[in-house]
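Note on naming: letters A, B, ... go to the chains in the order of the sequence lines (proteins, then strands), and numbering restarts at 1 for each one. Values below: all heavy atoms of this structure, side chains included; hydrogens, waters and symmetry mates excluded.
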Amino acid sequence: MISFYNTLSGRMEEFVPLEKGRVRLYTCGPTVYDYAHIGNYRSFLFSDILRRHLRRSGFELLHVMNITDVDDKTIRNAAAAGQTLTEYTDRFIEAFFEDSRKLRLEKPEKVARATEHIPDMVQAIRQLGEKGFTYSSEGSVYFRIANFPQYGKLSKIDISGMRPGARMDRDEYEKADVRDFVLWKAPKPGEPSWETELGPGRPGWHIECSVMANKYLGESFDIHAGGADLIFPHHENEIAQSEALSGKTFVRYWLHCEHLLVDGQKMSKSTGNYFTLRDLLQQGHTAESIRYLLASVPYRKQLNFTVGGLRQAAQSIERLKNFQFRLSHTSFPEGANAEIAAKTTAFPDLLRKAMDDDLNTAQAMGVLFELVRAANTAIDRGEFRSENTQPALDCLSHWDEIFEVLPKQTGDHPAQSFATAGQESAQASAGDDGMGPAEIEAKLQERTAARRQRNFALADRIRDELSAAGILIEDTKDGMRWKRK
RNA sequence: GGCGCGGUACCCAAGUGGUUAAGGGAGAGGUCUGCAAAACCUUUAUGCGGCGGUUCGAAUCCGCCCCGCGCCUCCA
């Protein structure tokens, strides 16, 4: 049984999709006015882990993610760059996809751009008008909250305290009530606008999500997820628009990811305390360690991002990779160890239980590491058997189907190296420090020969030399292995 | 002020009434090794922000208080 904390009810609820065996999911994607920062990616990664767990639980998925490619910031930055809106946003959409690939984020079944759904939005706004939920003022169309009594049910915000004149956008002073929000914005000189039956203009932010969700997922669907800062007003407004239009429950489970903090403060563009994925990769951190760190703290808890945390994450991955390598490169005595067999058999269930519990990723990690230690101990004691190997490797793969931080066990990496995909992405491949696999192999053989002759001075010199080139050597019972630092 | 999340060891963090408070990282000691590395073992919270209360029993429930962060305006 999968349970989620539902923002709407404020409590944990058993998850049951509307349609048996099928989950319809909508997540708020990026506004493509700049590179996304890793705070943004925390919430996209949260969606990714949600997806993966649902799929592994046997659900077929229909996941829609929007891309906001028209708003004040995209318009402003495109103008500053001297590009058309589309030229400008295309570039950052591509950057977003590239980052997503590096972070191993699965692509949603449908990625929907706001600008490709203008007619749908116009139609929805017209229908809202027919139902009496809108009014026009100076060429803009607004949603009249007074006509939607349930407004505030998601955020539990008492809107009665919001008074006209409090904090108002200059171009919105014609609103009848400050709580009202814009559906269609009248054009300003020099800004892109669309000629529609509503008059020229562009859509407000909130309407795109209501409309695209409705178009691809229907009037009612299962899960809507996003960052905690979207609860109000964005998701509240989506509910108002959608439910005013359909008269039905828009979304059944609302899931919100808490913020990434830097120095105890929310990471955000406006305060400037942010890192992009590019920044971090450039500093030599790996995409895997970033993914691990972001995934290691359950999504409903704020995560204070530090370089120290990233190092810890990298160390933890290292431990797993060492274990994986050890399993696949050691020959064990025949037979099976019953104790280990019991643990590997129990593992999928323990992992599933942890994830079923509102995606308790910290627990899921603990479950794996307990298995790792038990297996390592058995290996050290000589009690691990050959028939335990594959089940143990399968546990790693199962776990990694969610966390995606380990090298794939396809056997396509050099036998003597446990260099990983992660290092490829972060540090480019071999050539960087001028030493390719062949050259490394030669050095290793030279060192093996020296050791055989008990010429340890030479052996150590070779090891130091390789170390200076970023190659770490380990002598094991089954021979030498190496990896890039 | 309103709403929400959180305060568990040096750091990160699980644990929502009941045996010795998961797990990771870091440190210390040890085993193994030519030396390392990896791995393993031991070790680091009689205590879970504070004070009361409920209970046979609380990190876990209730009350009050202190502290941090977020939302209430664009924001993942």
Worksheet entry | A:Ser467 versus A:Asp464, side-chain donor and acceptor atoms under 3.5 Å | no

Worksheet entry | d(NZ, A:Lys153; C1', B:rC71) in whole Å | 20 Å

Worksheet item: Are A:Lys185 and A:Glu191 close enough for a salt bridge, meaning some N to O gap below 4.0 Å?
Response: no

Worksheet item: In terms of side-chain heavy atoms, does A:Asn237 have a donor or acceptor partner in A:Tyr151 at a distance below 3.5 Å?
Response: yes

Response to the item:
Scanning all shown strands, the Watson-Crick or wobble mate of B:rA21 with both distances under 3.5 Å is none

Practice prompt. Please state how far atom CZ in A:Phe232 lies from atom P in B:rC71, giving the value in whole angstrom units.
Written response: 13 Å

Discussion item. Under a 4.0 Å threshold between the charged nitrogen and the carboxylate oxygen, would A:Arg51 count as salt-bridged to A:Glu109?
Written reply: yes

Practice prompt. Taking atom P in both B:rC62 and B:rU44, compute the distance separating them and give it to the nearest angstrom.
Written response: 33 Å

Discussion item. Between A:His117 and A:Tyr216, is the ring centroid distance below 6.0 Å?
Written reply: yes

Fill in: Nearest-Å distance once atom P is located in both B:rC48 and B:rA22
15 Å

Item to complete: Compare side-chain N and O positions of A:Lys266 against OP1 and OP2 of B:rC71 and report whether any pair is under 4.0 Å apart.
Response: yes

Worksheet entry | Separation of the C1' atoms in B:rG70 and B:rA26, to the nearest angstrom | 30 Å

Discussion item. Students often mix this up, so state it plainly: with edges at 30° and 60°, are the rings of A:His329 and A:Phe325 parallel, tilted or perpendicular?
Written reply: parallel

Response to the item:
Testing B:rA76, B:rC72, B:rA22 for proximity to the side chain of A:Ile157, the answer is B:rC72

Discussion item. Determine whether the aromatic ring centres of residues A:Phe221 and A:Phe250 are separated by less than 6.0 angstrom.
Written reply: yes

Discussion item. Suppose we define a pair by two distances each less than 3.5 Å, Watson-Crick or G-U wobble; what does B:rG6 pair with here?
Written reply: B:rC67

Worksheet item: Given that A:Met365 and A:Cys28 both sit by RNA chain B, which one's nearest nucleotide is further toward the 5' end?
Response: A:Met365

Discussion item. Looking at A:Glu339 and A:Lys343, is there a salt bridge between them, counting it only when a charged N and a carboxylate O are closer than 4.0 Å?
Written reply: no

Item to complete: Classify the side-chain pair A:Thr377/A:Asp380 by whether it contains a donor and acceptor separated by less than 3.5 Å.
Response: no

Item to complete: Provide the distance between the two P atoms, one in B:rU43 and one in B:rG49, to the nearest whole Å.
Response: 25 Å

Worksheet item: So what's B:rA39 paired with, Watson-Crick or G-U wobble, going by both distances under 3.5 Å?
Response: B:rU31

Practice prompt. May I ask which nucleotide in the shown strands pairs with B:rU16, Watson-Crick or G-U wobble, both distances under 3.5 Å?
Written response: none

Worksheet item: Given atom CH2 of A:Trp399 and atom P of B:rG23, what is their separation to the nearest angstrom?
Response: 16 Å

Fill in: Partner nucleotide, any strand, of B:rG47 [Watson-Crick/G-U, under 3.5 Å]
none

Item to complete: Determine the contact category for A:Ser155: base if any of its heavy atoms lies under 4.0 Å from a base atom, sugar-phosphate if only primed atoms, P, OP1 or OP2 are that close, otherwise nothing.
Response: sugar-phosphate

Worksheet, complete the sentence: Separation of B:rC69 atom C1' from A:Asn273 atom CG, nearest Å, is 13 Å

Worksheet item: Using a cut-off of 4.0 Å on non-hydrogen atoms, how would the nucleic acid contact of A:Tyr5 be classed: base, sugar-phosphate, or nothing?
Response: sugar-phosphate

Fill in: Interatomic distance, A:Met267 CE vs B:rA76 C1' [rounded to whole Å]
11 Å

Worksheet entry | Side-chain-base donor-acceptor pair under 3.5 Å for A:Lys269 and B:rC74 | no

Worksheet item: When all nucleic acid strands are considered with a 4.0 Å heavy-atom cut-off, which category describes A:Ile379: base, sugar-phosphate, or nothing?
Response: nothing

Worksheet item: Can you list every pair that meets side-chain hydrogen bond (donor to acceptor under 3.5 Å, both in side chains) and has a residue in residues 359-374 of chain A, with sequence neighbours left out?
Response: none

Response to the item:
With B for base contact, S for sugar-phosphate-only contact and - for none (protein heavy atoms under 4.0 Å), nucleotides 32-43 of chain B reads --BBBBSBSS--

Worksheet item: If the C1' atom of B:rA9 is compared with that of B:rC5, how far apart are they to the nearest Å?
Response: 23 Å

Worksheet item: Checking all strands, does A:Gly39 fall into the base, sugar-phosphate, or nothing category for heavy-atom contacts under 4.0 angstrom?
Response: base

Worksheet entry | B:rU54 pairs with, by Watson-Crick or G-U criteria that keep both distances under 3.5 Å | none

Worksheet item: Do the two ring centres, one from A:Phe181 and one from A:His206, sit under 6.0 Å apart?
Response: yes

Discussion item. When the C1' atoms of B:rU19 and B:rC11 are compared, how many Å lie between them, rounded to an integer?
Written reply: 30 Å

Response to the item:
Shortest non-hydrogen pair, A:Ala295 vs A:Met365, comes out as C-CE, 4.3 Å

Fill in: Residue-phosphate contact under 4.0 Å: A:Tyr274 side-chain N/O, B:rA76 OP1/OP2
no

Item to complete: Taking atom C1' in both B:rA13 and B:rC56, compute the distance separating them and give it to the nearest angstrom.
Response: 32 Å

Discussion item. I need the NZ-C1' distance between A:Lys343 and B:rA22, as an integer number of Å.
Written reply: 13 Å

Practice prompt. Please work out if A:Ile231 contacts a base, only the sugar-phosphate, or nothing of the nucleic acid, heavy-atom cut-off 4.0 Å.
Written response: nothing

Expected rows: protein N/O vs nucleotides 8-15 of chain B N/O, under 3.5 Å:
{"unit_1": "B:rC11", "atom_1": "O2", "unit_2": "A:Gln312", "atom_2": "NE2", "d": "3.2"}
{"unit_1": "B:rA14", "atom_1": "OP2", "unit_2": "A:Lys301", "atom_2": "NZ", "d": "2.9"}
{"unit_1": "B:rA14", "atom_1": "O3'", "unit_2": "A:Asn360", "atom_2": "ND2", "d": "2.8"}
{"unit_1": "B:rA14", "atom_1": "O2'", "unit_2": "A:Gln363", "atom_2": "OE1", "d": "2.4"}
{"unit_1": "B:rG15", "atom_1": "OP1", "unit_2": "A:Asn360", "atom_2": "ND2", "d": "2.7"}

Fill in: For B:rA59, the Watson-Crick or wobble partner whose two distances fall under 3.5 Å
none

Practice prompt. For B:rA38 and B:rG27, measure between their P atoms and round to the nearest Å.
Written response: 11 Å

Worksheet item: Whole-Å distance between B:rG24 P and A:Leu371 CG?
Response: 12 Å

Worksheet item: With sugar-phosphate meaning primed atoms plus P, OP1 and OP2, does A:Gly264 contact a base, only sugar-phosphate, or nothing at under 4.0 Å between heavy atoms?
Response: sugar-phosphate

Fill in: Pairing of A:Arg144 and A:Asp180 as salt bridge, 4.0 angstrom limit
no

Worksheet item: Between B:rG70 atom P and A:His235 atom NE2, what is the distance in whole Å?
Response: 20 Å

Worksheet item: Now, which nucleotide makes the Watson-Crick or G-U wobble pair with B:rG1, with each of the two distances under 3.5 Å?
Response: B:rC72

